[in-house]
Amino acid sequence: MGFHQRFPLYGRPLPFLACFAAIAVGLYFGIAWDWDWSLQTGNIFILISVPTQLFIFTDEHAFYLALAAGGLVALYLFGTARRSTAERAAREGGGFMAPRFRFFPLTFLLGLFLMFYGVVFLFKANLSGDVTPRGYVAFVYLNYEGILTRGLVSLFGAAVLLFGAACATVLAVAPGLGFPRPAAASPPAFVPDEPEPSPPPPPAPRPAPRRATVTAARPAPMRAPSAGRTSSASRPARTPARRAPPGRTAKASTPP
């Protein structure tokens with residue numbers, strides 16, 4: 001953040017301008033000072049007189065001093081806003097009393113300082129003063145005749161004067177509050193129409209319960225003898241072999 005953007009005041013447009021104008025008018029007419037000027041040959045003579053008692057609380061001076069003090073208080077209460085109020089206004093917007101710009105007091109004072117020195121260099125000002133029984137007196141001589149013949153001095157004075165005027169006006173005020181705004185909600189993407197859901201299929205009929213049937217128990221199948229050589233432990237029991245019919249021993253007679 002640059003120097004010219006430090007310590008901002010978040011201003012409300014119309015109240016800020018009204019309070020600033022009240023302060024300027026109150027200080028100009030409320031302080032017991034006077035000035036006069038006259039045009040001489042090649043010079044502008046300005047006489048400024050400031051009495052010993054700068055603030056006089058009588059007559060019209062008291063009214064303007066009260067106006068300046070009231071403008072200063074109103075500037076703090078109504079013309080400017082706090083940072084939290086400015087952040088909320090940046091998010092939500094606001095109405096008539098919402099802050100809408102930033103004012104930089106340091107930049108404004110720097111601009112006044114540069115304008116003074118720009119006038120001194122541009123017009124080759126001669127300043128002098130004196131103390132009188134009535135107060136302080138300042139004499140200012142502005143040489144306007146040799147502006148075009150002083151070369152770089154005049155250019156430098158004009159540049160400083162213009163930069164000071166820019167600081168006191170343009171750079172001292174920045175539109176907006178300087179807070180990031182919330183991202184705008186993007187429109188919803190196009191979503192094609194979904195087909196209507198088909199009705200659910202009817203429930204399948206339940207199968208009829210099977211009736212229990214009694215079946216005769218079948219004998220377990222006999223195990224076939226293995227082709228390999230069986231051991232003695234698993235050798236099957238021998239069954240008695242059938243006897244062969246008795247053979248004939250007598251020799252059959254042959255017919256004669």
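Atoms considered below: every heavy atom in the structure, side chains included; atoms not considered: hydrogens, waters and symmetry mates. Quantities reported herein were computed from a predicted structural model and do not represent experimental measurements.
In this structure, the side chains of F29 and H61 stay at 4.5 Å or more apart for every pair of heavy atoms. With a 4.5 Å cut-off on side-chain heavy atoms, V140 and F45 do not count as touching. Using a 4.5 Å cut-off on side-chain heavy atoms (C-beta onward), N43 and L142 make no contact. Annotation: side chain of F16 is in contact with side chain of L75 (closest heavy-atom distance under 4.5 Å). Counting heavy atoms from C-beta outward, F7 and L106 have side chains that approach closer than 4.5 Å. Residues V50 and I48 form a side-chain contact, since some pair of their non-hydrogen atoms from C-beta on lies under 4.5 Å apart. Looking only at side-chain heavy atoms (C-beta outward), T80 and F103 stay at 4.5 Å or farther from each other.
There is no path of hydrophobic side-chain contacts, each under 4.5 Å, that joins W37 to L47. A chain of hydrophobic side-chain contacts below 4.5 Å, direct or via other Ile, Leu, Val, Met, Phe, Trp or Tyr residues, connects L112 to L161. Criterion: ILVMFWY side-chain heavy atoms under 4.5 Å apart, direct or through other members. Under it, L162 and F116 are not part of a common hydrophobic cluster. Under the 4.5 Å side-chain contact rule for hydrophobic residues, V170 and M115 do not share a cluster. L39 and I147 fall within a single hydrophobic cluster, where Ile, Leu, Val, Met, Phe, Trp and Tyr side chains are chained together by heavy-atom contacts under 4.5 Å.
Ring centroids of F104 and F108 are separated by 6.0 Å or more, keeping the two rings apart.
Between the CD1 atom in I31 and the CG atom in L65 there is a gap of 7.0 Å [rounded to 0.5 Å]. Expressed to the nearest 0.5 Å, how far CZ of F121 lies from CZ of R150 amounts to 11.5 Å. Separation of atoms CG (L72) and CG (L77) is listed at 9.5 Å; rounding is to 0.5 Å. In this structure, the separation between CG on L9 and OH on Y76 is 10.5 Å, given to the nearest 0.5 Å.
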Dump the intermediate steps for side-chain contact (heavy atoms from CB on, under 4.5 Å) on I44 and Y141, then the final yes or no.
CA-CA 6 Å; I44 300 176; Y141 292 90; over 6 Å; no

Passes side-chain contact (heavy atoms from CB on, under 4.5 Å), F139 versus L127? Steps please.
CA-CA 6 Å; F139 306 95; L127 306 176; over 6 Å; no

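Other residues, nucleotides and ligands place more than 12 heavy atoms under 6.0 Å from the CZ atom of F101. Heavy atoms from other residues, nucleotides or ligands lying under 6.0 Å from CG of L148 number 12 at most.
With sequence neighbours left out, the side chain to side chain donor-acceptor pair (under 3.5 Å) criterion links Y28 to W35.
Taking every heavy atom of both residues into account, G111 and C167 meet most closely at CA-CB, 3.6 Å. Residues A68 and L27 share a closest heavy-atom pair of CB-N, 4.0 Å. Shown here for A81 and P99, the closest heavy-atom pair between the two residues is CB-CG, 3.9 Å.
For R83 (side chain) and P8 (main-chain N/O), no donor-acceptor pair under 3.5 Å exists by modelled atom type.
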